[in-house]
Amino acid sequence: MSLLLEIDPRDFGLPDKFAEFRPIQAEAVDQALSSEKDINALCMGTGSGKSLTAWTVAKVLEKKSVYLTATKGLQDQIQAEFKSCGVVDIRGRGNYKCSRFSHYRCDKGEEHGCSLSATPACPYNSKVEEAKTSDLITTNYSYWLHARRNSPAALATDIRSVELLICDEAHHIFEELGRFLTVEIDRDEWEGQNFSPGSSGLMSESTGNHWKEWAKIRKQDVVREMRDMILVDSGARKDPEYTRLDNLKKKLTEIERMDNGWVWETSSSITSEKVSFEPIWPGRYSNLIWSNVPKVLLISATLRPYTLKLLGLSKDRYDFRESPAVFPPQRGPVYYWPITKLSFKSDEEDYKKICAAVDQIIESRRDRKGIIHTVSYGRMRQVLKYSKYSRYMIFNENSSSVNDVAERFRKSKSPSILVSPSFPTGWDFPGDQCEYQIIIKVPFPYSESRVMKERCKEDEFRVYCAMQELVQMIGRGRRFPLDRCENFILDSNFSFLFFRGRKYAPSFFKPHTIRDLPKAPVKL
């Protein structure tokens, strides 16, 4: 039996709200502490207390630790729960109000010549210094990667380096790396290229080599322009135009170095036209996250050995542990109710069938609130169009309104229904905030982009992504032992997914096929 079961979390300086350790947390901590591997991977189900587990490891080891999240929503939650034990939250400049220009954030203030931007009086710089001197830091993957690009010793001091890196939502690392590594060139920057919007290719093909040659020549011009600016004005480095050229030079250097594992693709909108360069398998660059950090803890409710393979980790590099189910399965049943297959070929009749089933579920559960996961905004609009309960539905038109919509839903009364593609992971709706969820479409990855087409040539990847996101969706509505949330999968494509992708789901994921709608349980 773990000694932690006899210790109060508050003895480690952890928040008062945690009165005791659960066995599942104690066992996970024991493994992380006893392992001789530099990377420990923990698959811990939704509601198992991953954050308490991770911070306990940090406290016991007494190491300077950084806790990473994929979403600002989870970062907010971590900060709210653990601020009392000394956790310092750090984000990008755009999250802090400029001291000199009150109508700007620090990033815009810097662009407009804020005289404090390079001094300790800058709110952002002040927060960075606070984080550096703290032993417990929380931030997001994007900030961490950009900070380490500027300095390998980001958030460290001369006498205290980062010794423990906690990667929560570790299933997101693959896409976070891909997003960070992507290089974008605007229309006015790719002078001399004649590719039409929508064209794409591999960097190993002739068109890719053409881009590399162009980048080499264009960089020479950029360097010349920067040198001329310095010759004319020794203070030109503070000029926004000089900064723009310097950023372009860095992007061109990256394009020059790209190998056959990268793709390029052009795209256009009403206001812009650009070309993007992205790695097919970004996991081979995973050392950008944890190089020179002696101990790494990867945690996720859906972590699988294939996740670690995607991150370029060999089996001798890590220890993997999957915890058993935390909650009684009967309090979070997963019902597979095959109505019809949904795909890009689906017509209006398919959506009418799906919405008829959706309305049956809502009708029998009008005394409680629910969530409908739509996977795309287009399918969200189909639900709003055909459901007779659309007047009760709360939805977001784009990602910018996600936080406001989530808060509005949380505060709403039954029979409110949150209808959106934006909440598959990183969000909590405990208790009576959500007592049922409806998944109208199996979330196979959108494979229209060139990079996703290349990835999905490996069918294992496509199935893995869909199963990961599906299990994450199901975890949004049940967050503590006595919580309860029913889950309904209506897309007939689930039969194929479960047959091919069972191994990519945690062992506690056990769906039940139904032919008729079950009676609603007693309301919470």
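Bear in mind that the values here come from a model prediction, so they are computed numbers and not experimental data. Numbers here are sequence positions counted from 1.
Applying the salt bridge (Lys or Arg N to Asp or Glu O under 4.0 Å) rule to pairs touching residues 464-477 yields D428-R476, sequence neighbours excluded. For residues 285-296, the set of pairs meeting the salt bridge (Lys or Arg N to Asp or Glu O under 4.0 Å) definition, not counting sequence neighbours, is empty. Among residues at least two apart or in separate chains, ring-ring contact (aromatic ring centres under 6.0 Å, His included) pairs with a member in residues 280-317 are W281-F461, Y306-Y464, Y306-Y504.
D76 is linked by a salt bridge (Lys or Arg N to Asp or Glu O under 4.0 Å) to R91, counting only residues two or more places apart in sequence or in another chain. Residues that satisfy the side chain to side chain contact (heavy atoms under 4.5 Å, CB included) test with E110, not counting sequence neighbours, are R93, S117. Residues meeting the salt bridge (Lys or Arg N to Asp or Glu O under 4.0 Å) test with K341, sequence neighbours left out: none. In terms of the side chain to side chain contact (heavy atoms under 4.5 Å, CB included) criterion, residue partners of S151 (sequence neighbours excluded) are, by chain and number, A153. Here S314 pairs with D316, R317 under the side chain to side chain contact (heavy atoms under 4.5 Å, CB included) rule; sequence neighbours left out. Looking at residues two or more places apart in sequence or on another chain, you find no salt bridge (Lys or Arg N to Asp or Glu O under 4.0 Å) involving R462. R105 is linked by a side chain to side chain donor-acceptor pair (under 3.5 Å) to nothing, counting only residues two or more places apart in sequence or in another chain. For K274, the salt bridge (Lys or Arg N to Asp or Glu O under 4.0 Å) partners are E184, not counting sequence neighbours. The side chain to side chain contact (heavy atoms under 4.5 Å, CB included) check on N403 picks up W427, with sequence neighbours excluded.
Here D89 does not pair with K127 in a salt bridge; the nearest charged N to carboxylate O distance is not below 4.0 Å. With salt bridges taken as basic N to acidic carboxylate O contacts below 4.0 Å, none links D350 and K345. Salt bridge status for E322 with R304: present, with a side-chain N to carboxylate O gap under 4.0 Å. At a threshold of 4.0 Å, the pair D404-R408 does not count as salt-bridged, since none of the basic side-chain nitrogens sits closer than that to a carboxylate oxygen. No salt bridge links E254 with R257; every basic N to acidic carboxylate O contact stays at or beyond 4.0 Å. Between D259 and R284 there is a salt bridge, since a side-chain N of the basic residue sits under 4.0 Å from a carboxylate O of the acidic one. Of the charged side-chain nitrogens involved, none lies within less than 4.0 Å of a carboxylate oxygen, so that E265 and R450 do not count as a salt-bridged pair. Using a cut-off of 4.0 Å between Lys/Arg side-chain N and Asp/Glu carboxylate O, E213 and K216 are scored as not salt-bridged.
Between D228 and L231 there is a side-chain heavy-atom pair separated by less than 4.5 Å. At a threshold of 4.5 Å between non-hydrogen side-chain atoms, the residues V183 and M258 count as touching. Between I371 and M473 there is no side-chain heavy-atom pair separated by less than 4.5 Å. Side-chain contact between C167 and Y67: absent, with no pair of heavy atoms (C-beta onward) separated by less than 4.5 Å. Within the 4.5 Å cutoff, no side-chain heavy atoms of T182 are placed close to those of V451.
Taken from CG in N40 to OH in Y318, the straight-line distance is 11.5 Å, to the nearest 0.5 Å. Note that the CG atom of L116 and the CG atom of N125 stand 9.5 Å from one another [nearest 0.5 Å].
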Could you walk me through whether K219 and T253 pass side chain to side chain donor-acceptor pair (under 3.5 Å), step by step?
CA-CA 7 Å; K219 189 171 77 169; T253 300; 3.3 Å; yes

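Each of L497, V442, L470 was scored for a side chain to side chain contact (heavy atoms under 4.5 Å, CB included) with D491, with one residue passing: V442. Screening I354, V419, V383, I372 against I438 for a side chain to side chain contact (heavy atoms under 4.5 Å, CB included) leaves a single residue, I372.
Side chain to side chain, R379 and Y351 meet the donor-acceptor criterion of an N or O pair below 3.5 Å. No side-chain donor from either of S300 and E169 sits under 3.5 Å from a side-chain acceptor of the other. Y377 and N396 are linked by a side-chain donor-acceptor pair at a separation below 3.5 angstrom, with hydrogens and angles left out of the test. For the 3.5 Å distance criterion, the side chains of R148 and S291 qualify, holding a donor opposite an acceptor. No side-chain N or O of T307 forms a donor-acceptor pair with one of H171 less than 3.5 Å apart. For the residue pair T69 and D168, no side-chain donor N or O sits within less than 3.5 Å of a side-chain acceptor on the partner. Between the side chains of H172 and Y141, not a single donor N or O lies within less than 3.5 Å of an accepting N or O.
Enclosure of atom CG in N398 by more than 12 non-hydrogen atoms of other residues, nucleotides or ligands within 6.0 angstrom is indicated.
Checking side-chain atoms of S126 against main-chain N and O of A121 turns up no donor-acceptor pair under 3.5 Å. A donor-acceptor contact shorter than 3.5 Å links the side chain of T133 to the backbone of E129. With Q75 contributing its side chain and I90 its backbone, the two residues share a donor-acceptor pair below 3.5 Å.
Using cut-offs of 30° and 60° for the angle between ring planes, the F429 and F409 rings count as perpendicular.
Of all non-hydrogen atoms in I474 and Q437, the two that sit nearest each other are O-NE2, 3.2 Å.
Centroid-to-centroid, the aromatic rings of F423 and H373 stay 6.0 Å apart or farther.
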